[in-house]
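Below: one structure, written as structure tokens.
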Amino acid sequence: MKSVVIAEPGKLVLETRALPEPAAGEVRVKVKFASICGSDVHIWHGHNPFARYPRVIGHEFFGVIDAVGAGVEAARIGERVAVDPVVSCGHCYPCSVGRPNVCSELQVIGVHRDGGFSDYAVAPARNAYRVPEAIPDKLASLIEPFTIAANICAFLQPQPNDVALIFGAGPMGLTAIQALKGVYKVKKVIVADRLPERLAMAKESGADVTLDNSEIPLAAQLEGEKPTLIIDAACHPAILAEAVALASPAARIGLLGFSGEPCTVTQQSLTSKELSLFTSRLNSQRFPQVIEWMEKGLIAPEKLVTHYLPLNDVEAAMTLFEKDPRSCCKVILEVS
Ligand code: NAI
Ligand code: MN
Ligand code: ZN
């Protein structure tokens with residue numbers, strides 16, 4: 001089979017590998033579509049502190065089960081599945097409180113173990129979620145990125161009377177906009193980005209107001225409006241202090257970033273408004289929820305997709321994705 005391997009930081013190769021056999025409790029998936037994420041590019045360039053090399057990348061993928069390991073019902077062969085990349089131990093403290101995404105032995109498929117930019121991939125059977133017919137093959141790899149929005153929303157508990165502000169209209173910002181408008185029916189979603197093309201995509205995904213903050217700071221553009229729910233989906237460390245300053249008293253702020261640089265905020269700025277800060281990493285068993293959102297048409301994943309390219313063109317696809325955020329959002333690899 002063909003697999004996209006990051007042999008070492010900086011070195012991407014399309015390698016011919018032996019077909020993997022599913023171990024006990026695992027399934028093997030014949031991959032059909034896989035989408036590119038910023039973290040795939042980070043692993044390629046050696047900027048992901050969790051990655052181990054050599055590694056088959058890809059954690060957003062869809063396919064059909066073609067073999068099962070011991071203890072897995074053979075009836076699952078032929079099932080259309082999306083694979084949750086979060087592999088957890090099941091018994092540590094975070095696992096015991098329903099937070100397997102921060103398991104003390106967390107293994108992320110495509111990061112710590114081999115992933116889905118490959119003709120075939122193996123995964124624990126419980127990570128492979130059946131995809132209903134209403135969700136087409138070519139959009140099913142986008143279930144995973146929407147689980148990021150579902151996870152942060154589970155902390156933020158969006159309400160119809162919220163005024164939301166989202167920093168960043170990349171894939172993460174767009175999934176958050178769609179969840180807030182389509183699922184939670186939030187009355188107003190304001191989105192800030194520096195790229196007009198990304199702001200146009202935000203509008204397309206349901207943003208009520210889009211603001212270009214490349215020159216005029218948001219504080220001047222919001223005209224006193226105080227967001228009650230803020231999501232940082234741009235993840236620059238300076239954004240937290242800005243969000244805290246802009247927030248309404250009693251607002252909730254959700255953070256998704258992994259920067260190693262400090263964010264500077266005072267206790268006074270947080271406590272005087274009694275702000276709640278939440279962080280969210282990957283997803284804790286949110287696949288069923290997102291599958292339901294898609295099945296019911298509450299979200300529109302196709303609005304994120306700008307390109308479909310064959311697996312053979314993976315290096316060009318990843319370069320395009322990385323270098324051209326104005327014309328590119330989600331790039332999906334057609335694997336088979
Ligand atoms: P992206 O780079 O495509 O999008 C970020 C957007 O933010 C860009 O459109 C950029 O123009 C904009 N931006 C940058 N600085 C800004 C600022 N100061 N104000 C407003 N907009 C600004 O990235 P993507 O894929 O949407 O991911 C966003 C972030 O989310 C990344 O930092 C990534 O590491 C993080 N992430 C976190 C996850 C988690 O589970 N916590 C999962 C996936 C991504
Ligand atoms: Mn991703
Ligand atoms: Zn665990």
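Sequence positions, counted from 1, serve as the residue numbers for this chain. Just so you know, ligand 1 is whichever comes first in the structure, and atom 1 is the first atom listed for that ligand.
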May I ask you to establish whether R281 and F50 are in a cation-pi arrangement, using a distance under 6.0 Å from NZ or CZ to the six-membered ring centre and at most 45° from the ring axis?
yes
Side chains of S205 and Q178: is there a donor and an acceptor less than 3.5 Å apart?
yes
Nearest-0.5 Å distance that lies between atom CD in E302 and atom CG in L139:
6.0 Å
Heavy-atom proximity to atom 21 (N) of ligand 1 ranks first, among L256, L199, D193, for D193
Does NZ in K296 sit with more than 12 non-hydrogen atoms of other residues, nucleotides or ligands closer than 6.0 Å?
no
Heavy atom of the protein closest to atom 4 (O) of ligand 1 (residue, atom name, distance):
G170 CA, 3.4 Å
At a 4.0 Å threshold, what atoms of ligand 1 neighbour a non-hydrogen atom of F258?
37 (C), 38 (C), 39 (C), 41 (N)
Among R198, R281, M172, which residue places a heavy atom closest to atom 1 (P) of ligand 1?
R198
Out of curiosity, is P171 lining ligand 1, as in a heavy atom under 4.0 Å away?
yes
Check whether the side chains of N151 and S284 place a donor and an acceptor atom closer than 3.5 Å, and report yes or no.
yes
Regarding E322 and H45, is there a side-chain donor-to-acceptor distance under 3.5 Å anywhere?
yes
Side chain, backbone, both or neither: L282 near ligand 1, heavy atoms under 4.0 Å:
backbone
Note: OE2(E60)-the Mn ion (ligand 2)-NE2(H59) angle, rounded to 10 degrees, equals 100°
Nitrogen or oxygen of N213 less than 3.5 angstrom from that of ligand 1:
yes
Starting from atom 17 (C) of ligand 1, which protein heavy atom do you reach first, and at what distance in Å?
R194 NE, 3.4 Å
Interatomic distance, L180 atom CG to D162 atom CG [nearest 0.5 angstrom]
8.0 Å
Find all atoms of ligand 1 within a distance of less than 4.0 Å from any non-hydrogen atom belonging to A192, and give their numbers and elements.
20 (C), 21 (N)
Have a look at the Zn ion (ligand 3) and estimate, to 10 degrees, the angle subtended by SG (C89) and SG (C103).
100°
Would you say atom 43 (C) of ligand 1 makes contact with the protein, given that contact here means a non-hydrogen protein atom less than 4.0 Å away?
yes
Single hit among K32, K2, R17 for side-chain contact (heavy atoms from CB on, under 4.5 Å) with D119
K2
What part of S280, side chain, backbone, both or neither, has a heavy atom within less than 4.0 angstrom of ligand 1?
backbone
In the protein, what heavy atom is nearest to atom 29 (C) of ligand 1, and what distance, to one decimal place, separates them?
C235 SG, 3.3 Å
The answer for which part of A233 has a heavy atom under 4.0 Å from ligand 1 is backbone
Any salt bridge linking D114 with R55? Criterion: basic side-chain nitrogen under 4.0 Å from a carboxylate oxygen.
yes
CG/L211 to CZ/F167 distance, rounded to the nearest 0.5 angstrom?
10.0 Å
Do any non-hydrogen protein atoms sit less than 4.0 Å from atom 7 (O) of ligand 1?
yes
How far is atom 14 (C) of ligand 1 from the closest protein heavy atom, and which atom is that?
A234 CB, 3.8 Å
Tell me the angle that SG of C92 and SG of C95 form around the Zn ion (ligand 3), rounded to 10°.
110°
Measure the spacing between CG of L218 and CG of N213 and express it to the nearest 0.5 Å.
4.5 Å
Just wondering, is there an N, O or S atom on H91 that's nearer than 2.8 Å to the Zn ion (ligand 3)?
no
Measure the acute angle between the ring planes of Y308 and F33, then classify it against the limits of 30° and 60° as parallel, tilted or perpendicular.
perpendicular
Counting only heavy atoms, which portion of I239 has something under 4.0 Å from ligand 1: side chain, backbone, both, or neither?
side chain
